[in-house]
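Worksheet for the structure shown next.
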Number of protein chains: 2
Amino acid sequence: MRVTIADVARRARVSKATVSRVLNNRGEVDAATAIRVREVIAATGYTPSAGAVGLATGRTRTIGILVPDLASPWTAAVLQGVADVLEEHGYGLLVSTTHRGPDALTRFARRVSGKSFDASLLVEPPDQPSYLAELHASGLPIAVVDDRREHPGFACVVADHRAGAGAAARHLLAAGRTRPLVLATGGTRCARERDAGFAEAFTAAGHRVTHRVLPAATRESGATTTADALAAGATFDSVFAHADLPALGALDALRAAGRRVPEDVAVVGFDDSDLATHADPPLTTVRRPARSVGEAAARMLLANLEGNPFPTDPVVVPTELVVRTSA
Amino acid sequence: MRVTIADVARRARVSKATVSRVLNNRGEVDAATAIRVREVIAATGYTPSAGAVGLATGRTRTIGILVPDLASPWTAAVLQGVADVLEEHGYGLLVSTTHRGPDALTRFARRVSGKSFDASLLVEPPDQPSYLAELHASGLPIAVVDDRREHPGFACVVADHRAGAGAAARHLLAAGRTRPLVLATGGTRCARERDAGFAEAFTAAGHRVTHRVLPAATRESGATTTADALAAGATFDSVFAHADLPALGALDALRAAGRRVPEDVAVVGFDDSDLATHADPPLTTVRRPARSVGEAAARMLLANLEGNPFPTDPVVVPTELVVRTSA
DNA sequence: ATGAAAGCGCTAACAT
DNA sequence: ATGTTAGCGCTTTCAT
């Protein structure tokens with residue numbers, strides 16, 4: 001049988017209430033009694049039942065996180081940041097995934113109303129306003145990690161895409177590059193931020209940027225788009241891709257065309273994935289601080305649970321230009 | 001206020017017991033009553049409190065997983081597999097990490113004895129026999145994912161390194177390669193399996209393999225070890241690396257030495273990481289089925305919870321040779 | 001087929 | 001400073 005608080009109370013010749021008090025350092029307890037109780041606890045290896053504590057207090061010391069999937073480096077790193085902070089504060093992390101379809105969302109909502117956790121964190125949640133609204137209405141503290149910043153009304157943590165793109169631009173400018181080709185990804189909010197941050201710096205310096213939108217954020221589309229630009233006679237001395245994969249593609253196309261990187265054309269990516277380190281040449285890129293984003297989000301949630309209201313504006317985590325060889 | 005089972009009972013004009021029966025399809029309930037109860041449930045949006053159910057039944061429908069860290073592609077993929085299976089069966093996943101030091105282990109043990117979950121899964125747990133024994137003694141169903149296979153006494157899921165290495169060897173042999181250079185990683189169990197599987201095939205064919213142990217499973221060590229072998233006059237027509245990163249290093253050294261891949265030397269890696277796809281040339285490699293391993297482990301745990309005993313031998317998940325360009 | 005009541009293991013008023 | 005007493009929201013005998 002498991003040892004319960006009643007067992008401890010009996011063996012220490014006190015009431016359950018007293019045991020509870022020493023357990024939680026609450027209320028006044030005689031020093032000697034406390035010691036005795038602690039001894040019994042140690043001797044029996046007693047650990048409070050999480051479920052019972054949760055039922056009695058209404059708090060589970062667990063937070064729920066909903067991520068698109070676990071295998072992508074970005075979400076995995078965010079998760080790591082969240083887990084670190086929560087662990088440090090003695091909170092548990094209950095993970096759910098949306099990648100198996102919309103049922104997952106329902107199930108998550110179920111857990112929310114089942115009070116499986118005290119707060120929850122949504123990482124790039126799918127746009128299903130009904131569920132989101134429902135979650136919001138549940139009264140549970142909710143924070144969102146979403147660079148698309150598409151969920152007003154929720155406390156939010158985002159990476160600073162604009163500043164990152166700006167840093168990339170200034171790095172290129174400092175190296176004397178004046179005619180960049182931008183390989184942009186779709187029309188998400190963060191893509192617009194990157195465009196804005198990059199273009200801003202170049203136009204401020206009196207230069208124009210050539211802008212292409214990629215059909216997909218893949219290596220292939222990066223390659224063909226770059227090759228097309230080359231074939232169309234576009235003159236550019238640098239490439240800024242909205243992701244590392246297309247940057248790799250640009251590298252391919254450039255090599256195929258006999259352009260040297262970075263001598264003839266400098267290339268900058270975005271994300272700082274593993275691939276960037278191992279690219280040939282190693283890719284200069286803007287690091288998306290997944291880990292820090294996760295940490296910030298977790299801290300925000302924890303602060304909220306302690307009574308501090310959520311910040312009204314998105315928390316912006318700085319990005320960082322990682323200079324390697326390609327630019 | 002949250003709606004409780006008592007609220008539902010009142011509105012449906014039945015007792016809590018009946019609502020509970022309807023909820024769990026247990027015992028005989030009049031069809032009409034059941035319908036009425038379900039209507040009230042739907043109307044009120046009632047969801048049972050997970051904590052209360054847990055307290056009453058002694059089961060939380062949650063399993064705990066302990067991983068070294070969340071950011072590595074291998075553990076992330078295992079986790080994904082686990083999450084998929086659990087989600088499908090309505091189980092929750094509580095994640096802990098050991099990467100912040102040994103406290104994490106203590107905390108995990110605490111949750112175990114706090115009955116936060118029904119079973120737990122250890123992914124490549126650190127060798128701290130005391131804690132492991134303690135966990136084992138807790139009576140909680142525990143499974144281990146650990147290719148090192150170093151924890152006898154625990155139910156275990158592993159990838160078939162030996163067969164994977166064998167497949168790599170046969171692929172090389174079929175291509176007429178007869179003098180392979182093996183770039184081995186440290187003395188773990190799985191490294192020995194790979195060595196054995198690979199050597200077996202080559203010696204059976206009457207060929208000898210050159211064997212080097214890498215100081216580390218990095219790209220650099222793969223490169224220098226290969227370069228050294230070349231400089232030492234070793235003649236080899238193929239390289240089998242125990243991981244993708246050193247295989248990439250071999251590619252580097254080979255290129256630097258003017259050897260063409262795969263014409264002069266074929267290269268095979270192990271893991272099938274992202275890097276393999278994007279290597280130049282794309283790397284032929286043995287896929288470690290992280291996802292399937294996670295799924296198998298989760299299924300094993302679930303089966304155990306339903307009363308089936310754990311298999312006594314490790315569950316072996318097949319690996320797969322992914323043929324690309326390098327071999 | 002359904003209800004009443006006890007109890008899961010804890011916390012939190014309220015007494016003393 | 002400590003004990004008593006109610007719950008928290010559910011499941012589960014045991015009656016009826």
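First the proteins, then the strands, lettered A, B, ... as listed; each starts at 1.
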Are B:Arg189 and B:Asp146 within salt-bridge range, i.e. N to O under 4.0 Å? no

Separation of C:dC10 atom C1' from A:Arg2 atom CZ, nearest Å, is 11 Å

Please tabulate, for side-chain N and O atoms in residues 21-28 of chain B, each donor-acceptor pair with protein atoms closer than 3.5 Å (sequence neighbours left out).
residue : atom : partner : partner atom : Å
B:Asn24 : ND2  : B:Ser20 : O            : 2.8
B:Asn24 : ND2  : B:Ser20 : OG           : 3.4

For the rings on A:Phe117 and A:Phe108, is their centre-to-centre separation under 6.0 Å? yes

Would you say a side-chain N or O of B:Thr18 is under 4.0 Å from OP1 or OP2 of C:dG3? yes

Is any side-chain N of the basic residue among A:Glu87 and B:Arg107 closer than 4.0 Å to the acidic one's carboxylate O? no

Summarise protein proximity over nucleotides 11-16 of chain C in one line of letters, 5' to 3': B for base, S for sugar-phosphate only, - for none, counting protein heavy atoms closer than 4.0 Å. SB----

For B:Thr4 and D:dG9, is the shortest distance between a side-chain N/O and OP1 or OP2 below 4.0 Å? no

Rounded distance in Å - CG (A:Leu55) to P (C:dC8): 13 Å

How bent is the helix from C:dA1-D:dT16 to C:dT16-D:dA1, comparing axes over its five end pairs at each side, to the nearest 10°? 40°

Side chains of B:Val67 and B:Thr97 in contact at under 4.5 Å (non-hydrogen atoms): yes

Hey, are A:Thr319 and A:Asp160 close enough side-chain-wise for a donor-acceptor pair under 3.5 Å? no

Looking just at side-chain N and O atoms, do B:Asp118 and B:Thr60 make a donor-acceptor pair shorter than 3.5 Å? yes

Can we say B:Asp7 and B:Arg2 salt-bridge, meaning some charged N sits less than 4.0 Å from an Asp/Glu carboxylate O? no

C:dG9 C1' sits how many Å from A:Arg10 CZ, rounded? 13 Å

B:Arg13 near the nucleic acid: base, sugar-phosphate alone, or nothing, with a heavy-atom cut-off under 4.0 Å? sugar-phosphate

